[in-house]
Amino acid sequence: MKSSKTRCLGILTAGGDSPGLNAVVRSITKVAMGEYGMRVLGIQDGFRGLVENRILTLDDATVSGVLTRGGTILGTSRDKPHSMPMGGRLMDMTDAAVDNARKHQIDCLVCLGGGGTAKNAYRLWQKSGLNVMTLPKTIDNDVFGTDVSFGFDTAVSIATEAIDRLHTTATSHHRLIVCEVMGHRAGWLALHAGIAGGADVILLPELPYDLERIAEFLLERRRHGKRFSIIAVAEGALSRREAEAAAAAKARDKGQDKDKERRKTTRDLDRPEKGEVPPDAATEGEAVDAYRADLPLNVSRLHDETMAYHVVQEPMASRLARHLQALTGVEARVTSLGHVQRGGVPTAFDRTLSTMMGAMAAELLSEGRANVMVAYRNGLCVPVPLEEVVGKRKLVPAEHHLVHCARQVGTSFGD
Ligand code: F6P
């Protein structure tokens, strides 16, 4: 057995489930236990399980047979330690989370999640001194500082296969088919699946579209004898008008936040009771902002004070299809892939990436390294300090080589 500076680690999975999570849990457990003799604990349902002390021991038997399993054997949640719905109120549960980690003698909390999870882990470390490590998981591929996140490749494959299948109906019925893919506010998934599936139009959040231009492009295709078209649209895609309105709203929000900050320092707004996040103070403004940024796009939350419920909304692709049908006179249909993209077995690439990342995490822990994200760069796993990645989002640059390449093969971005 090799020596290790870390004796016990806790693993949690937070945010949306993603293919590859179990492969990482398996890999960390096998390497940390088998090579370094560390104790490995699994925390259920993300940060909530830590707060509620739902923690179990992981060993060879628990992680056996999970390499190919989708979802997460630990369960997940979108809860944040510093602002968690508890009995109808939002509470700062950092102390409870840290107490439980200490009780179990956890030297480092390994958090598998996306940008939001990294932010929450970083905050926990900053507030309490509890060591953390993050591994980038998301089908959106928007985690900053890593070339790719695990789960993305699987989602791209699923979305691509869906677009392949949609071609059958589109060509047979000479229709427009609008296929909505996930990705939150990033267009990576739509870009990759759109190119791989040969979509005729790809719409990304980063490149606001013009409806008339898309309609003209589709009609031009028809004039050239192509009577069907596939439009791959990212759930966060915006028209030019919407993008302008969003930018104006953001600027307004920023102004209001500054104003709130000023009022807080000059008039000293009501202080929160211990452990409670106040409904109107700047601290909550920050929480609400972060929450807004993390909000899934196909849902909006009820203004319940726990902010725990979602109202399901119509896929944005339906609206787009309606408009395009009206503008072109061509029959349109909609497919919204939704959570199908996160389901099922991970691809070979995601299994390999997850195994590499998990093994690297265990090695870093054995050296006593913490407060880093395990990133994948140029084919290798490397540690990156958390402060370099937290609070940033990796978006598709307008001049990205894949955007250029798609344009070269005749794909329209509607811009
Ligand atoms: O972040 C992953 C993701 O699947 C996004 O692509 C999507 O916007 C969101 O999660 C959906 O969240 P939920 O599972 O809460 O509906």
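Ligands are counted one by one from 1 in listed order, and the atoms in each one are counted from 1 as well.
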J.: Non-hydrogen atoms of G183 versus ligand 1: any pair closer than 4.0 Å?
T.: yes
J.: Where on L189 is there a heavy atom closer than 4.0 Å to ligand 1, on the side chain, on the backbone, on both, or on neither?
T.: neither
J.: Taking all heavy atoms of Q341 and all of A159, pick out the closest pair and write down the distance.
T.: OE1-CB, 4.2 Å
J.: Which is closest to atom 2 (C) of ligand 1 in terms of heavy atoms, D140, T76, D17, D142?
T.: D140
J.: Report the residue from V24, T134, T117 that forms a side-chain contact (heavy atoms from CB on, under 4.5 Å) with L112.
T.: V24
J.: Heavy atoms only: which of R342, E235, H184 lies closest to atom 11 (C) of ligand 1?
T.: R342
J.: Name the orientation class of the two ring planes belonging to W188 and H192 (parallel below 30°, tilted from 30 to 60°, perpendicular beyond 60°).
T.: tilted
J.: Is R221 close enough and on-axis enough to F228, meaning under 6.0 Å and within 45°, for cation-pi?
T.: yes
J.: Would you call H339 a ligand 1 contact, heavy-atom distance under 4.0 Å?
T.: yes
J.: Under 4.0 Å from any heavy atom of R78, which atoms of ligand 1 are there?
T.: 9 (C), 10 (O), 11 (C), 12 (O), 13 (P), 14 (O), 15 (O)
J.: So which heavy atom on L74 is nearest to which on I43, and how close?
T.: CB-O, 3.7 Å
